[in-house]
Amino acid sequence: MPQYDVAILSDLRYPGGNSASIVAEVRAQAAAGLSTVLCHLPSPHLKHARPFQERIVACLREGLADLAHDDGAEITARVLLIRQPRIFTEEPAAVPRIRAGHTIVVLNQPPGDERHAQCYYVFDEVRERVERLFGGAAVWAPISTQVRDNVLQVAPSAALPDTDWHEIIDVADWRAEHRREPGDVPVIGRHGRPDPVKWPRDPGELLQAYPDSPDFKVRILGGGEIGVHRLGRTPRSWEVIEFGAESPRDFLAGLDFFVYFHDPVWKEAFGRTILEAMASGVPVIVGPHFRAVFGEAAIYCEPAGVREVVRRLHHDRDAYDAQVERARRFVTDNFGSASHIARLASLGVMPRGLPKTPARPARIVRRSRRVLMVGDDVARFTAIARRLPRDLEAVVVGTASVAEAHAAGLLTEYLPGAADLGVPPARWPAFVRDRLRHLVELYGPRAVLVGGLPHDGILGAIEQTPATRWLWLRPAMWRRGTGGEWAARGLSFAGILEPGEFAAAGDEGWTTTSRHGVSTVDPITDLPARIVRRPGEPTLLCRGVDADLPGFAPAGDAGLEDVTVAVSRADYTSFHELLGARVPTVFVPDPAAWDDELARARFAAAAGAARYATDDEAAGVELAKLADPAAREALSRRCAELSFGNGAADAAAWLAGFCRGRHEEVDRAGSR
């Protein structure tokens, strides 16, 4: 890997200001001809699987930065920027190997708030861990006076630089091209990630800041449901907009005033949304504690003073315009991209004068030859994507498992579920329809491959994009008597592919009698062509089942070739991967699964390739039998005798045939 000018280490999934700040610095560096690599380190505080933040994905897609791969290779950079200290509140499972001339830890969150000075992280513990992992010469740089004061409160001896590592913003990018004409009723608003601490706690103060009055209109992008919950009702003057329904830039262009107040216990580290509002040309009204950061660029008052300030400036356009210009000039002078390039230059990283061109021209050429893979069938998507022709590139569109696709090196787009959006389930299909239509317009894919169930949102998108080839990666092995209602939906697709099942002889589901016009291939896995099992310390792999076996250590992230024994659900991916890798396994079917895991497990046991149990107690008994090396060897040998092929390459060829505008039938037994 080449030497980079800047390496940025953070959890690339964080929403809000953390990701926005990374993107701003990446774009500034690229414009100055500097190279950047982004290094992902999962935070212990983001418990749920999430994809990389959209704006970060866009930077990677445009070639403005490279993504460090999790292959253990050393990365060298002139400057390493570590963002979000909370990443190091626990010992990381794996840390990227980075060698840098300068290491800056950007303290973009204070250790604590008014409740407790170190409720978010213990500064000395984080400092010890970071300096042990990345060297003791790290510079600890707060992003604002508020963070600096909090750090010095808990660590008075901390050596902090004289100047803050403040946020930056591209002022030209945020300037609204067409601002709304002022009307009789002023429009005030706010935007930001949904978080209770970002809102006034007291209902009275909340209504002072965001009035329920016909004299004002209030627009809220993201988090409005928090205010509604605290009030117990939706004020008549409020318009609550779902997070992500509008871009912040377009949203700000429709406001007369940006008003931001939060929970009094919360210590806002900086206030990036405030900076964005100033850059877009909207006067900002905030609490007095922000004066140390924004000086005369903002208007300061308590919530009770908001109405008076708004009325006064709304009727005095000269004063209004003067405030807008004052804020814009302040942002440009103090927080523009040039200030970031200057501080990098002070570390010996000099701009090269020419903008960085995309690092992978071949990828740009291939943009017109993409295929969308929709759903959470990431394991099969990844297996197929790796085997597509070089002129085709997959983009995975999914929900919770998109992070797995990121880890596999695939491009992704997030498709939030109803719960993620905070909307009733009945409204979600329309959102899916519109989101997929947008992605089809954005990527112009040669085909869209749907994994899983073609629900109403999928069918709606098919109807609205009739020129696009929609294909179905149809699951088999349904439990008897279930799922038949999905059969007719296959008529909406240009082609259907059904991955094979090792336990196909035990399949009693509806797809066994509905295969006219359906192509089939061998079971699809991402296993290598040849797996050599390696002897070593005994390990136990648990997939979806909690278990232990005396004398066997947890397998952790070990490859399947290093796993001694496994206990697992009999879902499609785990079932075929473990059998294909010849891992001695006890399968414990999930009774709540839609597919017939019990039939899979029974078939494998009858074939002598695995053991199975239907409850935890029986699973423990079966697992104990596999402590015997002879029992494990018998299962591994039987798996080798009954080995099945990998249909991933055939599936990729089938998909490529549709992408080229013609369907080349897969010449395999079972194809129709």
Side-chain angles (χ1 to χ4, degrees), residues 15-17 20 53-55 176 179-180 182-264 266 268 271-274 276-277 280 282-287 303-304 306-307 309-310 314 399 414-435 438 457:
Q53 213 280 334
E54 262 184 22
R55 289 171 288 190
R179 290 213 56 81
R180 68 182 299 274
D184 294 335
V185 177
V187 179
I188 66 177
R190 55 177 285 164
H191 77 89
R193 63 181 173 87
D195 191 325
V197 300
K198 300 282 188 177
W199 285 81
R201 185 187 305 177
D202 179 76
E205 288 192 350
L206 202 157
L207 285 177
Q208 287 174 337
Y210 309 101
D212 182 10
S213 165
D215 296 333
F216 303 90
K217 181 177 180 182
V218 179
R219 301 192 80 230
I220 301 167
L221 175 62
E225 66 277 6
I226 297 170
V228 170
H229 176 73
R230 289 188 174 172
L231 294 174
R233 61 186 178 87
T234 303
R236 289 169 296 176
S237 62
W238 284 24
E239 180 184 1
V240 177
I241 306 163
E242 293 173 6
F243 185 73
E246 292 184 23
S247 73
R249 183 174 179 272
D250 292 341
F251 173 78
L252 290 169
L255 300 183
D256 293 315
F257 298 89
F258 184 87
V259 177
Y260 178 62
F261 289 89
H262 54 72
D263 192 317
W266 172 247
E268 187 72 60
R272 184 170 185 85
T273 57
I274 297 172
E276 292 168 352
S280 73
V282 183
V284 168
I285 304 173
V286 292
V306 168
R307 296 188 187 210
V309 171
V310 169
H314 188 63
T399 54
Y414 186 39
L415 183 65
D420 299 320
L421 292 169
V423 301
R427 293 180 55 189
W428 188 65
F431 172 83
V432 173
R433 177 198 64 206
D434 295 341
R435 174 71 168 148
H438 167 72

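Fair warning: this is a prediction, and the values are worked out from it, not measured in the lab.
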Exercise. Quick one: are Val310 and Phe216 in side-chain contact, heavy atoms under 4.5 Å?
Worked result: yes
For this session: Of all the heavy-atom pairs spanning Val187 and Gly254, show the shortest one and how long it is.
Result: CG1-O, 3.8 Å
Exercise. Do Tyr260 and Lys198 come within less than 4.5 Å of each other through their side chains, counting heavy atoms only?
Worked result: yes
For this session: Please examine the side chains of Phe258 and Thr273, heavy atoms only from C-beta on, and report whether any two atoms are closer than 4.5 Å.
Result: yes
For this session: Considering non-hydrogen atoms only, spot the tightest contact between Pro283 and Asp256 and give its length.
Result: CD-O, 3.3 Å
Exercise. Going from CD1 on Ile226 to CG on Leu231, what distance comes out if it is rounded to the nearest 0.5 angstrom?
Worked result: 12.0 Å
Exercise. Roughly how far, to the nearest 0.5 Å, is CZ of Arg307 from OG of Ser213?
Worked result: 5.0 Å
For this session: Please confirm whether the backbone N or O of Pro416 pairs with a side-chain atom of Trp428, one donor and one acceptor, at under 3.5 Å?
Result: yes
For this session: Kindly confirm or rule out a cation-pi arrangement of Arg190 over Trp199, judged by NZ or CZ under 6.0 Å from the six-membered ring centre and within 45° of its axis?
Result: yes
Problem set entry | Shortest non-hydrogen contact between Arg236 and Asp212, atoms and distance | N-OD1, 3.3 Å
Problem set entry | Straight-line distance of Asp215 CG to His314 NE2, nearest 0.5 Å | 10.5 Å
For this session: Could you tell me whether Arg230 and Asp202 have a side-chain N and a carboxylate O separated by less than 4.0 Å?
Result: no
Exercise. With a 4.5 Å heavy-atom cut-off, do Val286 and Ile274 have their side chains touching?
Worked result: yes
Problem set entry | From CA spacing to verdict: side-chain contact (heavy atoms from CB on, under 4.5 Å), Arg219, Ile241 | CA-CA 7 Å; Arg219 301 192 80 230; Ile241 306 163; 3.0 Å; yes
For this session: Supply the atom-to-atom distance Phe261 CZ to Leu206 CG, rounded to the nearest 0.5 angstrom.
Result: 11.0 Å
Exercise. Under 3.5 Å, side chain of Tyr210 to main-chain N/O of Val259, donor-acceptor pair present?
Worked result: yes
Exercise. What closest approach, in Å, do Leu221 and Glu242 show between heavy atoms, and which atom pair accounts for it?
Worked result: CD1-O, 3.4 Å
For this session: Give the minimum heavy-atom separation between Pro211 and Trp238, together with the two atoms involved.
Result: O-NE1, 3.9 Å
Exercise. Taking the side chain as C-beta and beyond, is there a heavy-atom pair between Val218 and Pro235 under 4.5 Å?
Worked result: no
Exercise. Taking atom types as modelled and ignoring hydrogens, do the side chains of Glu246 and His191 form a donor-acceptor contact shorter than 3.5 angstrom?
Worked result: no
Exercise. Taking C-beta and beyond as the side chain, do Leu252 and Glu276 meet within less than 4.5 Å on heavy atoms?
Worked result: yes
Exercise. Which atoms form the tightest heavy-atom contact between Gln208 and Val306, and what is the distance?
Worked result: O-CB, 3.8 Å
For this session: Check whether any side-chain heavy atom of Leu415 sits under 4.5 Å from a side-chain heavy atom of Phe431, and report yes or no.
Result: yes
Exercise. With a 4.5 Å heavy-atom cut-off, do Glu239 and Ile220 have their side chains touching?
Worked result: no
For this session: Check the surroundings of atom CZ in Arg233: do more than 12 heavy atoms from other residues, nucleotides or ligands lie under 6.0 Å from it?
Result: yes
For this session: Look up atom OG in Ser280 and atom CG in Leu255, then write down how far apart they are to the nearest 0.5 Å.
Result: 7.5 Å
